[in-house]
Amino acid sequence: MNQFTSVNDVKDISQLVNDALTLKQNPYSQEHLGKHKTIGLVFLNPSLRTRLSTQKAAINLGMSVMVMNMDKEGWALETADGVVMNGSTVEHIREAAAVMGQYCDILGLRSFPKLQDRDEDYNEDFFNKFISYCGVPVVSLESATRHPLQSLADLVTIQETWKGEGRPKVVLAWAPHVKALPQAVPNSFSEWMCRAQQDGLVDFTVVQPAGYELSEDFTPGATISHDLDAALEGADYIYVKNWSSFADYGKILPFPEGWMLTGDKLKGTNNARVMHCLPVRRDLELSSEVLDGPNSLVIQEAGNRLWAAQAVLKGLLENLS
Amino acid sequence: MNQFTSVNDVKDISQLVNDALTLKQNPYSQEHLGKHKTIGLVFLNPSLRTRLSTQKAAINLGMSVMVMNMDKEGWALETADGVVMNGSTVEHIREAAAVMGQYCDILGLRSFPKLQDRDEDYNEDFFNKFISYCGVPVVSLESATRHPLQSLADLVTIQETWKGEGRPKVVLAWAPHVKALPQAVPNSFSEWMCRAQQDGLVDFTVVQPAGYELSEDFTPGATISHDLDAALEGADYIYVKNWSSFADYGKILPFPEGWMLTGDKLKGTNNARVMHCLPVRRDLELSSEVLDGPNSLVIQEAGNRLWAAQAVLKGLLENLS
Amino acid sequence: MNQFTSVNDVKDISQLVNDALTLKQNPYSQEHLGKHKTIGLVFLNPSLRTRLSTQKAAINLGMSVMVMNMDKEGWALETADGVVMNGSTVEHIREAAAVMGQYCDILGLRSFPKLQDRDEDYNEDFFNKFISYCGVPVVSLESATRHPLQSLADLVTIQETWKGEGRPKVVLAWAPHVKALPQAVPNSFSEWMCRAQQDGLVDFTVVQPAGYELSEDFTPGATISHDLDAALEGADYIYVKNWSSFADYGKILPFPEGWMLTGDKLKGTNNARVMHCLPVRRDLELSSEVLDGPNSLVIQEAGNRLWAAQAVLKGLLENLS
C-alpha cells in the first residue's frame, strides 16, 4: 500500500481487517517498523477520534508524530494555478505540501468539503494536489468525499462481532440532523460495504428519504431503498448517519417524520447491532435508549479506529522500507 | 491511587511528598513504569504550567503524551441527559469521554467553573460524569472547585524549604485582582493544608475580607481571620491568591485597602517565604519588591509542579500494572 | 554555543554548515545527545516550516519536544517593569519565562515585531528579557529583527549546491507583496552573507527600491544597489524576499514596476539559482515559471531547515552536557 485514500487503495480488505484484529491482540508487536519514521498529521478541520486514534496507532508502531493544525485563520492555501497571489491566500499548496513532505515519512491529511460546489468537492482537487506535490505516502484523515479510516474501523467492528451464519445484513440508514453534513462518511461506508458484498462478506442496503440518495459512484451493487421500516427488516447491523443532499448539493431537504432510530424501529430487525461514527446527536439521530442499550456498538467501533489506523500505517511502513 | 481529583484520593500525603522529592533527585529512575502507556491531556481551558509540567512528568516516566485542546468553539459538549441535541452542543460527554478512554491509559482533564451557578460548579457535574464514562484513571488538571496538582506542589515546596523547629505557620491570604477568579486554587490549597495540619505538618490560617469566606467544606480545622496584619504575625509561609466570592457567588465585592502583599506586610512575620500559584498580577496581588526579593518561592514552587505531577502519575501507573 | 539568536552566537559558520550537511547524510548519528533532554518550542506567532523542522531536528537528536502555542488571546504577556498589572496582560515575562525554563533544557522562541515602533522592535526587548529570565539556552525561531535558523539553512543550501570556481555572487533582491512584512528574514540573511563574505565564501549584494534600504547594522561590507537588472548581472544565487520599509518604519512605499523576479530577469545572470524562505506569493514576488522551473531551490532550501536546526541543537546539547 503506498497511499490510503479510499477502498481502491486496498488489495485485500479481509487481510487488512485481520491485520487490525491481530494488532488489537498485540499492539506493540510491530513497534520496530516505525523506528526513525515520522508521521505528520495535518488538519484543515477539527478532529477528536481521528487525531487521537491515528496518533496512538503511530505511537504503537514506534513512530514519531507531529500534529499540524491548520484550521485557524492565516493558513489559507491557494490551490488554483496561474493566479496572482495578491489576495487572502498566503501560500500555494504546491509549496506547502512539498515542504511538509521534506520533514515527514508519511503525511495524514484532513480536509472537509465546502458543500458549495459539488464538482469542486467531488473532484477531490485539494487532496489530489496535496498528494501529488508532497512526495510521500498520504493517509486520508477524511477528505471531501471519503473517510476510509472510519470505514475500515466499521468493517473491523462488523467482522469482529458477527457470530451468525452466512452474511450479515448491513443497512446504512439516513437520520435527521440540524446541520448540513458532508457525504464523506456514508459515501465511504457504502463504498467499503459494496466491496465487502462483492467479497461475500455482507449484504448491503442503503435507505434514505427521497432527495438524499448518495452518488451512484459509491453504491455499486447496493440495494437502494426509501422505506426505513422495510429496509430494517431482518437487519443484523444498522449504520445510522445523517448527510446532506447530493442531488440538491449540500442542502437540508424536507423529510417525513420517523427517521430517527429508536428502540421501536429495532423490533423488526434481527436484534440488530447499531453503529454510528460519532459524534452523534442524541435523540435526534439516534434515541438515547438505543445508544445506551445493549445493541449499541458505538464505543467499541470508536475504539477500533485505533486498530484500523494501525493496520493502515503498518501497511504504509512496510511499503516504505 | 486510582484517580487524583482531591486530597481525598491520597492515603498518605507525606509519602506522596517524599515520592515527589525523591523523583526530583532522580527524575528518570521510574522510566520503565510508563513504557507502552499513554496519557491524554484534555484541556477545556487554557494551560501553561499544568500542561508543560504534566507533559514533562509523563515523559520522565517513559509515557507517551497526547494533548487535546478542546477550548475552541465547535467542541461544546452536552452534559445533560434526556435532552434532544438539536442545538449548539455537538457531542454528549457520555460518548466523548468513553472514546478518549479507548485510546489512553490515563486521562488528565481541565475544566474551569462557569461562576454562574454555584451548585452546578460545586457539584463537579462535568468532572464526575467524565470520570464515570471514560473508564480509565483520571487526574485533575484543575476542576471547577479544586486544583490538587497545584496544592501538592505547594506542600512539596513547604516541606522542601522548611528548616525550622516544629510546625511552620502557613497563611492563605486573599489578594486583589481585576477579574472574577474561581475558588479552585484556594479551596484546594486549604483542603491540603487542613489535612497537613491534621497530620501535624503545619498550622494553617485563612485570611480574607468579609464576604470572601471560602466554603467551610474546604477549611475544616483552619483558623479563619479577617485581619490581614494579625493573621500574618509570626507567619512562616504566606500563600497569596485572589478569589471571587463564594457567598455572593462569583462576584467581586468591595474590599478595604491594604490587601496587596508588600514588603511592609512581611515585617511582622517570621521572615515569611511567599508563595503564589502563578500567573500573578504584579503590584496588584503582590508587590514586585516581594516577588523579585529573597523571600519569594514562586519559581521554585512552579518548578515543583513537575515533581508533584510525576509522583501522582507514578502512583496511577503503579496501580495500573 | 550557549544560545542561537544571531550569527554573532556562532564562532565558525563553515563548521556549522558542515555539521548540518553531515547530519543530512546521517540523521540519527547523534541520537544519544538528546536522551533525557527536552526542548520547549514557544510560539507567539504562527509557524509551519520552523515548527516542523525544529521539532523533527529535536526528534532526530533523541530529544523530547513540547510545543506551546501562545498566539491565542488570553496569553498577553507584560514586559514592562514597574507597571501595576490591572489591565489586559495576564502574566509578566519574568515569571512566564522562568517557569518555562523549569520544565525544559532548551527553549525555542518565536516572536514577531509589531512594526509600530522601530526602536521597540530593534531593541529586541521581548527576546532579551525572555533569555535573561528563562535561565536555559534559547534558540531563536524568529525574532523581531532576525531569523537565524532560516539564514543558516540558506547558507547550507548555497554551500551544498555551489559547484563553480571561486566565490558565488549572491544577490538579495527585494520583491513586491500586498502586506507589510518584517525585515527579520532579509536582515538575518544579509548578516549571515556579510559574515560569509568576510570568510571568503560569497560576494554579496543587496538590491532594493529607494526607501526600502535595510538597516546598515545588518549589511556591513555588502554592495548596495537600487538597480535590479544591474545587480542581477552575473548572479549565481538570487534570494527573493519582500520587506517593509525600515526608514519609514513598517510602511509599504510606492515602488517602480519590474521588481517581480521572472524568467526574463534570469537572462543576464549566471544561470542563477533562485531562493526564497517561503511562504511565497506566486506571480507577485516570483513568477510561477521560475518557481516551477529548474533554477528554483526553494523546496531543497526548506528541506535544509531541518539540518540547520539539527546542527544548532547539536551545538547547544553538546554545550549542556
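In the text below, chain A, chain B and the rest are named by the order of the sequence lines, each starting its count at 1.
- Residue Ile59(B) touches chain C through its side chain alone, counting heavy-atom pairs closer than 4.5 Å.
- Note: Val280(B) leads Leu291(B), Val280(B), Val298(B) in heavy-atom pairs under 4.5 Å with chain C.
- If you measure heavy-atom distances from Glu31(B) to chain C, the contacts under 4.5 Å come from the side chain alone.
- Under a 3.5 Å cut-off, the side chain of Asn128(C) and the backbone N or O of Asn123(C) do form a donor-acceptor pair.
- For the pair Asn60(B) and Gln30(B), the minimum side-chain heavy-atom distance is 4.5 Å or more.
- If you measure heavy-atom distances from Ser288(B) to chain C, you find no contacts under 4.5 Å at all.
- Distance alone, capped at 3.5 Å, places no donor-acceptor pair between the Glu301(B) side chain and the Met275(B) backbone.
- Between chain B and the options Met100(C), Arg94(C), His92(C), heavy-atom pairs under 4.5 Å are most frequent for Arg94(C).
- Only the side chain of Asp292(B) comes within contact range of chain C, with heavy atoms under 4.5 Å apart.
- Neither the backbone nor the side chain of Val42(C) comes within less than 4.5 Å of any heavy atom of chain B.
- Looking at Thr54(B), there are no atoms closer than 4.5 Å to chain C (heavy atoms on both sides), in backbone or side chain.
- In terms of modelled atom types and a separation under 3.5 Å, the side chain of Tyr103(C) and the main chain of Ala302(B) share a donor-acceptor contact.
- Side-chain atoms of Ser244(C) do not come within 3.5 Å of backbone N or O of Ala180(C) as any donor-acceptor pair.
- Annotation: side chain of Asp154(C) is not in contact with side chain of Trp192(C) (no heavy-atom distance under 4.5 Å).
- Note on ring orientation: taking the six-membered ring where Trp is involved, the planes of Phe255(B) and Trp174(B) are perpendicular (angle over 60°, cut-offs 30° and 60°).
- Your options are Met85(C), Glu78(C), Gln102(C), and the one with the most heavy-atom pairs under 4.5 Å with chain B is Met85(C).
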